[in-house]
Novice: 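The structure is given below, and queries will be raised subsequently.
Because the structure is predicted, anything quoted here is derived from the model rather than measured. Computed from heavy atoms alone, side chains included, the values below leave out hydrogens, waters and symmetry copies.
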Amino acid sequence: MKNFSLKRMAQVMRITSCQNYKWFLNLSVAYLLAHFVGQALIFYTVCRSPVVEEWYIDSRMHSATGAFVMISVFLILGGISFTFEVLKEKNKRIAILMLPASNAEKFVARLLLCTVGVWLLNAVCVLLGDGLRQLIFLWSENPLGSALPSLWEFLVDRGTAFVQVMDAPFTAGHNPGWWEAVFALASSFMTYSFFLLGSAVFRKQAFILTGLCGVAITMAVAYVAGMVAGLFEYSYTPEEVNEFLVNVVPVMTIAEFLLGVGFVWLSYRLFARMTVVRRKLF
């Protein structure tokens, strides 16, 4: 099948979801527990205190927002690491290979389930985790309302700041500008696709192993960059350094975007070459 069909892709998504409903259910429970535990640990001290000032409750709400964001980042990266999780057993690989759809349709179906699907699942678990925390802590005498308004305020503020940055020219040391905003997006895309590639490479514990590889690569790059920067530390004026940063940020942005595209392409190539019996690399 050489033609890409949205209808066949949707059928693949439906079939794989039905075949692995228990796995998706377990994943949903794990995501809900992660958000609930994060909220419970933050608000537990408030519940145990007889009298709590309003400013302290507000600070706990901001801490809860930070927990929502931090946990969501890990869960979303974990989600993309699960793209090939259901293909690691022989019987499930046979089930995928036997589906009447092209490799591209199967790959995009899995990618959507582990990207858009995981994003939606995480959002639902944020809502349920906040509600479950309020329900469990009903016995508290202190007012423990929802942390969602604080989270929404955080998201709106960050979104507004991002738009404002996009409208400004890039000047190193003075204004980040839209190139640095695009650089942040390219970095996020590259990281996301790196975990996708890790899901295709590692047979077990893809999230942990990919994360360790990412930390090792980041430390190596930072060490080399520090050594190179040290060689030119006293050779250039601050104005020349700023001019260099203005020029290097667009280059790094394009490089990271191309790396991200390369990671996605390599992930697809590994998926397309999948066989029933796999060689045990890891």
Side-chain angles (χ1 to χ4, degrees), residues 1-28 30-31 72-123 185-211 213-214 217 255-282:
M1 297 182 183
K2 297 182 179 180
N3 295 328
F4 188 91
S5 172
L6 293 176
K7 183 177 181 180
R8 285 199 302 264
M9 185 196 71
Q11 289 293 332
V12 172
M13 294 178 65
R14 182 184 65 82
I15 292 173
T16 55
S17 298
C18 294
Q19 290 176 342
N20 302 279
Y21 73 94
K22 290 184 179 180
W23 184 87
F24 285 110
L25 181 60
N26 292 334
L27 184 67
S28 301
Y31 276 35
S72 295
V73 169
F74 280 99
L75 295 184
I76 288 172
L77 288 178
I80 194 63
S81 299
F82 295 143
T83 303
F84 300 99
E85 178 72 22
V86 296
L87 306 177
K88 293 176 181 178
E89 297 180 10
K90 182 177 179 180
N91 59 332
K92 293 182 178 180
R93 288 198 298 274
I94 294 175
I96 291 293
L97 290 173
M98 293 298 292
L99 290 176
S102 66
N103 287 327
E105 292 161 357
K106 298 172 186 177
F107 177 78
V108 174
R110 285 297 307 169
L111 192 60
L112 288 177
L113 285 174
C114 294
T115 52
V116 178
V118 167
W119 277 77
L120 293 176
L121 174 62
N122 180 73
L185 291 177
S187 299
S188 301
F189 171 64
M190 183 188 67
T191 303
Y192 205 57
S193 57
F194 181 72
F195 277 87
L196 171 64
L197 178 60
S199 178
V201 172
F202 298 110
R203 299 193 64 175
K204 297 179 180 179
Q205 306 297 333
F207 175 71
I208 296 176
L209 294 177
T210 305
C213 290
I217 293 173
E256 288 187 336
F257 177 76
L258 293 177
L259 274 175
V261 173
F263 291 153
V264 174
W265 176 84
L266 187 55
S267 300
Y268 171 72
R269 293 296 299 173
L270 292 173
F271 174 81
R273 294 175 179 270
M274 178 184 62
T275 58
V276 174
V277 179
R278 295 180 58 185
R279 295 181 180 179
K280 293 184 179 181
L281 297 177
F282 299 94

Novice: Can you name the nearest heavy-atom pair linking Leu209 to Phe202, along with the distance?
Specialist: CD1-CD2, 3.6 Å

Novice: Can you pull out every side-chain hydrogen bond (donor to acceptor under 3.5 Å, both in side chains) where at least one residue sits in residues 72-82? Sequence neighbours excluded, please.
Specialist: Ser72-Asn122

Novice: Check the orientation of Trp23 and Phe82. Use parallel for under 30°, tilted for 30 to 60°, and perpendicular for over 60°.
Specialist: perpendicular

Novice: Ring pair (Phe, Tyr, Trp, His ring centres under 6.0 Å): which pairs involve residues 85-104, sequence neighbours left out?
Specialist: none

Novice: Taking Arg110 for the side chain and Thr83 for the main chain, is one N or O donor matched with an acceptor at less than 3.5 Å?
Specialist: yes

Novice: For Tyr192, does the OH atom sit with more than 12 other heavy atoms under 6.0 Å from it, leaving out its own atoms?
Specialist: yes

Novice: Give a yes or no on whether the backbone of Ser5 and the side-chain of Glu105 come within a donor-acceptor separation of less than 3.5 Å.
Specialist: yes

Novice: Give me the ring orientation class for Phe107 and Tyr268: parallel if the planes are under 30° apart, tilted from 30 to 60°, perpendicular past 60°.
Specialist: perpendicular

Novice: What pairs with Gln19 under side-chain contact (heavy atoms from CB on, under 4.5 Å), at least two apart in sequence or on another chain?
Specialist: Ile15, Ala95

Novice: Quick check: do Lys22 and Leu25 have side-chain heavy atoms less than 4.5 Å from each other?
Specialist: no

Novice: Taking the side chain as C-beta and beyond, is there a heavy-atom pair between Met190 and Phe263 under 4.5 Å?
Specialist: yes

Novice: Ignoring hydrogens and angles, tell me if any N or O in the side chain of Thr210 forms a donor-acceptor pair with the backbone of Phe207 under 3.5 Å.
Specialist: no

Novice: Find out whether Ile80 and Val118 are in side-chain contact, i.e. whether some heavy atom of one side chain is under 4.5 Å from a heavy atom of the other.
Specialist: no

Novice: Can Gln11 and Arg14 be counted as having a side-chain donor-acceptor contact under 3.5 angstrom?
Specialist: yes

